[in-house]
Amino acid sequence: MIPLVTAEIRLAAIRGNIGAIRRRVGPGVQLCPAVKANAYGHGLAQVLPALIELGVERVGVANLIEGLDLRRLGWHRPILCMAPVLAEVDEHERRERAEQAVLAQVSVTVMSAEEAGDLSRAAQRLHKAAPVEIKVDTGMGRMGLLPEEAAVTIAEVAALPGVVIEGVYTHLASADEPDLTHANRQLETFLALRERLTAKGVPVRQYHVANSLAVFRLPAGHLDRVRPGLSMYGYWDGPPEDRPADIRPCMRVVSRLTAVRRLPAGHAVGYGRTFITKRESLIGLVPIGYGDGYRRRLSNDAVITLEPARGRGRVHVPVVGRISMDQTTVDLTDAGDVRVGDPVTIIDDDPAAPNCVEALARKLGTIPYEITCLIGPRVERIGV
Ligand SMILES: Cc1ncc(COP(=O)(O)O)c(C=O)c1O
């Protein structure tokens, strides 16, 4: 079946973005791109081959299910699981999850010696090492050990049989803000902890802090490894003047007009009759809607790009009327010769386009992450 809507994932853009990140961090720093939530909505299966080919050292996921998916997709390198997977479940389930993690060699994030104890016991039962990562809360307030307790707990974890501390890390709450004072304070707290652990001789393989924004704006935070997500996909969520010139959106969502109809003046378009034609109009139908993550709040307030055909140029046409679950209507009246089947770009990979991910996020008062993550399963992802 030919898909109605396709998300083209441009592997050349991902390669370029990884190159941009590597240029910022230098050769001694490992990459751990975030590929959680189906690679931020772009499709894990589509993105992964580029990461394998480029020698990316490890990747980050949100939970054990995503970690196991990566193994099924043929990712053999280290995996960091960034959210807790062992806490708050019963003993049987903790034992099972710990064994799954050790068997698949997924480094799970622990926040207590008890959780690490589950992994240590699983490691001994399975005669395999249990790689773990320890999260420290230096100011995000979401998860992790508080800095005051961290040194003691990390030393306890290091002493557990079978446990290898792959990393100790923290996450920045506001590296996207113009003022980096809080981010710098978090980094200082983390570096003080690193110093204490190093002085005590606690064996920790890597210390890491930096998300995308810190890769580009906080070089002191690069340390041993960086964890960029958004920038690897080519988007930016920081001050516009800091947008790196060498990252490029990797996704273009494309489709074709499924209907082109002439309506008389004074005719309503869509649910709620929010658009009434002022003149005889040519209304086109695009087979995407809020059921695919094309948000209803864009009704009467977005453009879709009509791609060139039959000598007609590339034009932006306005979305008119309410976006419904599966369909969006556009006004083609001024577009020239337009026919059913003509190609359209719903989300453009040009970062200056009015229908790029960042522009849509601004319009919706949200972040680029939400735009890409919400693209639904009916949209077929293809690597190009
Ligand atoms: C712990 C952690 N590190 C790194 C990232 C990647 O962040 P970004 O996409 O802003 O680069 C995330 C994403 O949410 C995260 O939760």
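Both counts, for ligands and for their atoms, begin at 1 and track the order of listing.
For K36, the closest heavy-atom approach to ligand 1 falls below 4.0 Å. Under the 4.0 angstrom criterion for non-hydrogen atoms, P228 is in contact with ligand 1.
Counting the atoms of ligand 1 from 1 in the order shown, those under 4.0 Å from a heavy atom of L230 are 8 (P), 9 (O), 11 (O). Every atom of ligand 1 is numbered from 1 in the order shown, and the set under 4.0 Å from a heavy atom of R142 is 16 (O). Numbered from 1 in the order shown, with element, the atoms of ligand 1 that lie under 4.0 Å from a heavy atom of M82 read 1 (C), 2 (C), 3 (N). Of all the atoms in ligand 1, the ones that sit under 4.0 Å from a non-hydrogen atom of Y40 are 6 (C), 7 (O), 8 (P), 9 (O), 13 (C). Listed by number with element, the atoms of ligand 1 under 4.0 Å from a non-hydrogen atom of Y369 are 8 (P), 9 (O), 10 (O). Those atoms of ligand 1 with a heavy atom of S212 less than 4.0 angstrom away are 8 (P), 11 (O).
In this structure, Y369 and Y40 have tilted ring planes: the angle between them lies in the 30° to 60° band. Between W236 and F216, the ring-plane angle classifies as perpendicular under the 30° and 60° cut-offs.
The hydrophobic cluster containing L282 also contains V344, counting ILVMFWY residues as joined when their side-chain heavy atoms lie under 4.5 angstrom apart, directly or transitively.
Side-chain atoms of V384 and R252, non-hydrogen and from C-beta on, never get closer than 4.5 Å to each other. Contact annotation: the side chain of L223 approaches that of R194 to within less than 4.5 Å [non-hydrogen atoms, C-beta and beyond].
By heavy-atom distance, the residue among L213, T170, I367, N211 lying nearest atom 7 (O) of ligand 1 is N211.
Using a 4.0 Å cut-off between charged side-chain N and carboxylate O, E8 and R10 make a salt bridge. Note on R97 versus D118: no salt bridge recorded, every NZ/NE/NH1/NH2 to OD/OE distance being 4.0 Å or above.
When only non-hydrogen protein atoms are considered, atom 3 (N) of ligand 1 lies nearest to R227 NE, 2.8 Å. Atom 2 (C) of ligand 1 has its closest protein heavy atom at H171 CE1, 3.3 Å.
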- Query: Stepwise, does the side chain to side chain donor-acceptor pair (under 3.5 Å) test hold for T305 with N355?
  - Reply: CA-CA 8 Å; T305 311; N355 50 343; 2.9 Å; yes
